[in-house]
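These notes concern the structure reproduced below.
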Amino acid sequence: MKIFRAASQFVFERRPYRLVGILAFVLFFTAYLFVLPATYTGGYVGWISLQYLTWSEGIIAFVLALLMGLLVPFIIFSYRMGGGTRKASTAGGLLASLVTPFLCCTPVIPSIMAVVAGILPAVSGTAGLYVQAFIATHELEIYLAAILLLILALYQNARQVLSCPGCEI
Amino acid sequence: MNLFTKIGFALIIFSLSCNPVIAQRHAPDAALKVGTYTVSISSFHGKKVMLWFFSTWCPSCQAGLKALKKKEGPLKKSGLQIIAVRNYQNGGYPGPSINAFVKKAAPSLLKAQNWTLAEATQEVAQKYNSKGYPDIYYLISPEGKIVNVAGSPGAHMKKIIDFAGTAVTD
């Protein structure tokens, strides 16, 4: 927590990074509000998504966007100061949170599995159904895992911010 | 439109274009299990039909059921016959029975005259949903032609209403 607080103070005392953080939060929050209900619309994203938005999804969208609003300035700052950035956990959390709503109840997995089954006959063409059903019934856990990954990314990038070569702390 | 939506649309178009049922555009006949009876799809010829396959573990299917419940009155007036079919073996994953699923989300539809609740047979699954989509519906004209195929009725209610006809104004 100390590391995170020190890194936040260090990065966000600069106005451009505050603006980047706000912009990233607004963009990701808007994106998540439209994307997360895709699980109810069969992958369709549009104004109709908002009709299906639930309170829990709104809260998850807020938390994910908040983490991204903090992470993006950290990554940019660290990169510009010549320090390394930790992208794997960020990408993992981002991917899990954005792709999950499209994996259940859409033709994506059945189509992929049909192609895989065509190449590898040992794989059942309907094996993807189990994957879809698992995602559908464990969606909350997947979002929680995505949040944990982003928290890990935030911690890793906060350490990078505090140890980067160009930083005077 | 973001990248994921574009990829999703591309995959939907690709996968639907490969579906033999759509290519032939004529609704093939197949048997459905309605309670202890067997009912054939051809017995609905002469009526506008929405043939909807879903799995009871699927969130978009529950949303679709609720969306159709909202339009229950107008859709009934239009004469649209809705055949709600639980996927063969529920799409390969356990879940509530079709009656329990409907009872929970839209209990009035259990007794709606224009609704038929059915279980898919292997035959109907092979003819209409061989790739095992958890949520897919067909709009079939009174002449037995497939006029539209899509997933998630909740997201495509306008298409369904347009198909049902002008009687649906709600």
Side-chain angles (χ1 to χ4, degrees), chain A residues 27-28 30-54 56-57 94-95 97-118 124-140, chain B residues 1-19 52-67 70 87-96 105 122 125-126 129-137 149-159:
Chain A
L27 284 176
F28 277 100
T30 309
Y32 280 123
L33 287 181
F34 279 90
V35 165
L36 295 191
T39 193
Y40 301 112
T41 61
Y44 185 82
V45 176
W47 291 112
I48 198 163
S49 309
L50 299 179
Q51 282 181 30
Y52 289 98
L53 188 69
T54 60
S56 57
E57 282 172 343
L94 197 60
L95 200 69
S97 58
L98 284 174
V99 171
T100 299
F102 293 95
L103 295 185
C104 160
C105 316
T106 69
V108 174
I109 290 184
S111 301
I112 292 169
M113 292 311 290
V115 172
V116 172
S124 164
T126 54
L129 277 169
Y130 188 85
V131 178
Q132 281 188 293
F134 181 84
I135 291 166
T137 50
H138 295 83
E139 216 171 35
L140 182 65
Chain B
M1 194 186 288
N2 65 28
L3 181 65
F4 291 111
T5 312
K6 284 178 185 169
I7 293 169
F9 276 132
L11 279 168
I12 288 166
I13 290 163
F14 166 73
S15 55
L16 291 182
S17 67
C18 299
N19 193 321
W52 178 30
F53 294 89
F54 61 87
S55 302
T56 59
W57 46 258
C58 151
S60 75
C61 307
Q62 197 168 41
L65 192 63
K66 286 178 180 170
K70 279 186 187 170
N87 275 320
Y88 183 63
Q89 295 177 336
N90 200 32
Y93 201 82
Q122 200 167 5
Q126 278 171 355
N129 197 10
S130 59
K131 286 181 186 164
Y133 299 134
D135 188 1
I136 182 171
Y137 71 83
V149 186
S152 306
H156 300 101
M157 194 51 71
K158 193 180 176 304
K159 272 185 193 168

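Proteins come first, then strands; the chains are lettered A, B, ... in the order of their sequence lines, and each starts at number 1. Atoms considered below: every heavy atom in the structure, side chains included; atoms not considered: hydrogens, waters and symmetry mates.
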Next on the checklist: Can you tell me which portion of A:Thr39 sits under 4.5 Å from chain B's heavy atoms? Options are side chain, backbone, both or neither.
Outcome noted: both
Next on the checklist: For B:Ser152, is there any backbone N or O sitting under 3.5 Å from a side-chain donor or acceptor partner on A:Tyr44?
Outcome noted: no
Checklist outcome for this item: What one should report as the nearest heavy-atom pair of A:Thr41 and B:Ser60 is N-CB, 4.2 Å
Item to check | Minimum heavy-atom distance between A:Gln132 and B:Pro134, given as atom pair plus value | outcome: OE1-CD, 3.5 Å
Item to check | Pairing residues for B:Phe53 by the ring-ring contact (aromatic ring centres under 6.0 Å, His included) criterion, not counting sequence neighbours | outcome: B:Tyr128
Checklist outcome for this item: Heaviest contributor of heavy-atom pairs below 4.5 Å to chain A, chosen from B:Gly64, B:Gly151, B:Gly154, is B:Gly154
Checklist outcome for this item: Per-residue tally against chain B (heavy atom, under 4.5 Å) across A:Phe34, A:Phe134, A:Tyr52 peaks at A:Tyr52
Item to check | Residue selection (most heavy-atom pairs with chain A, distance under 4.5 Å) from B:Cys61, B:Ala63, B:Gly95 | outcome: B:Ala63
Item to check | Qualifying residues under ring-ring contact (aromatic ring centres under 6.0 Å, His included), relative to A:Tyr40, sequence neighbours excluded | outcome: none
